[in-house]
Amino acid sequence: GEGWAPNAALFTAMFKHVQALTRRGCHRAALECAKLALSLDRSDPKGLLCCVDYFALRCGDLDWLLDFAEGFRSDGQLMSLPGFAYSTALARLGGGRTGTG
């Protein structure tokens, strides 16, 4: 993305921090760090989209996962990733957004 080159060290450090957090079982903290990185650069220079759904499932943030999957990219490309398609199905099965819409 546009912001990748000047901030390469920042995104590398954030990615390594997310990896360390999830290795320690701190999935909520890993999710929040991944959210921050994706909010800084939506082009996802380090590939956090490949694991953010896992973090959301592990920490039980099912509604956020469903909202994120629907709204992150307006073209719907996120749901073409097999991990997101599977994770959103698990989130719905697990009771995400019960009683709404």
Side-chain angles (χ1 to χ4, degrees):
E2 302 166 2
W4 165 243
N7 297 315
L10 171 68
F11 284 105
T12 300
M14 288 182 80
F15 183 75
K16 289 181 184 280
H17 185 60
V18 166
Q19 285 180 318
L21 286 168
T22 196
R23 274 195 303 266
R24 290 183 182 93
C26 302
H27 302 294
R28 168 63 67 187
L31 175 63
E32 296 303 328
C33 288
K35 285 183 192 179
L36 175 61
L38 289 170
S39 72
L40 293 174
D41 189 345
R42 293 175 68 87
S43 72
D44 190 27
K46 291 306 253 181
L48 286 169
L49 285 175
C50 293
C51 52
V52 73
D53 56 325
Y54 171 76
F55 302 147
L57 287 174
R58 291 293 295 166
C59 69
D61 207 345
L62 306 180
D63 290 336
W64 177 86
L65 176 60
L66 293 171
D67 291 338
F68 181 78
E70 289 176 5
F72 183 69
R73 294 208 173 125
S74 60
D75 59 4
Q77 288 289 78
L78 196 56
M79 290 305 292
S80 68
L81 297 173
F84 262 94
Y86 186 72
S87 294
T88 54
L90 284 176
R92 285 188 182 100
L93 184 65
R97 279 207 223 131
T98 53
T100 62

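Keep in mind the model is a prediction, meaning the values are calculated, not measured.
Looking only at side-chain heavy atoms (C-beta outward), D53 and L65 come within less than 4.5 Å of each other. You'll find the side chain of V18 reaches within 4.5 Å of the side chain of F55, heavy atoms only.
Checked by atom type and distance alone, the side chain of T88 pairs as donor or acceptor with a backbone atom of A85 at under 3.5 Å. Of the possible polar contacts, one joining the D44 side chain to the L49 backbone as a donor-acceptor pair under 3.5 Å is found.
Each of C59, C26, C51 was compared with L31 under the side-chain contact (heavy atoms from CB on, under 4.5 Å) criterion, and only C59 meets it.
Rounding to the nearest 0.5 Å places CG of L10 at 11.0 Å from NZ of K46. Rounded to the nearest 0.5 Å, atoms CG (L48) and CE (M14) are 8.0 Å apart. A distance of 4.5 Å separates CZ of F11 from CG of D41, quoted to the nearest 0.5 Å. Between atom CZ of residue F84 and atom CG of residue L66 there is a gap of 10.5 Å, rounded to the nearest 0.5 Å.
Taking the six-membered ring where the residue is Trp, F68 and W64 present parallel rings, their angle staying beneath 30° rather than reaching 60°.
The 12-atom threshold is exceeded at NE2 of H27, counting heavy atoms of other residues, nucleotides or ligands nearer than 6.0 Å.
Between A69 and M79, the shortest heavy-atom contact is CB-SD, 3.8 Å.
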Under 3.5 Å, side-chain donor or acceptor atoms of residues 32-40 against the rest of the protein: list the pairs with distances, not counting sequence neighbours.
{"unit_1": "E32", "atom_1": "OE2", "unit_2": "R28", "atom_2": "NH1", "d": "3.4"}
{"unit_1": "E32", "atom_1": "OE2", "unit_2": "K35", "atom_2": "NZ", "d": "3.2"}
{"unit_1": "S39", "atom_1": "OG", "unit_2": "L36", "atom_2": "O", "d": "2.7"}

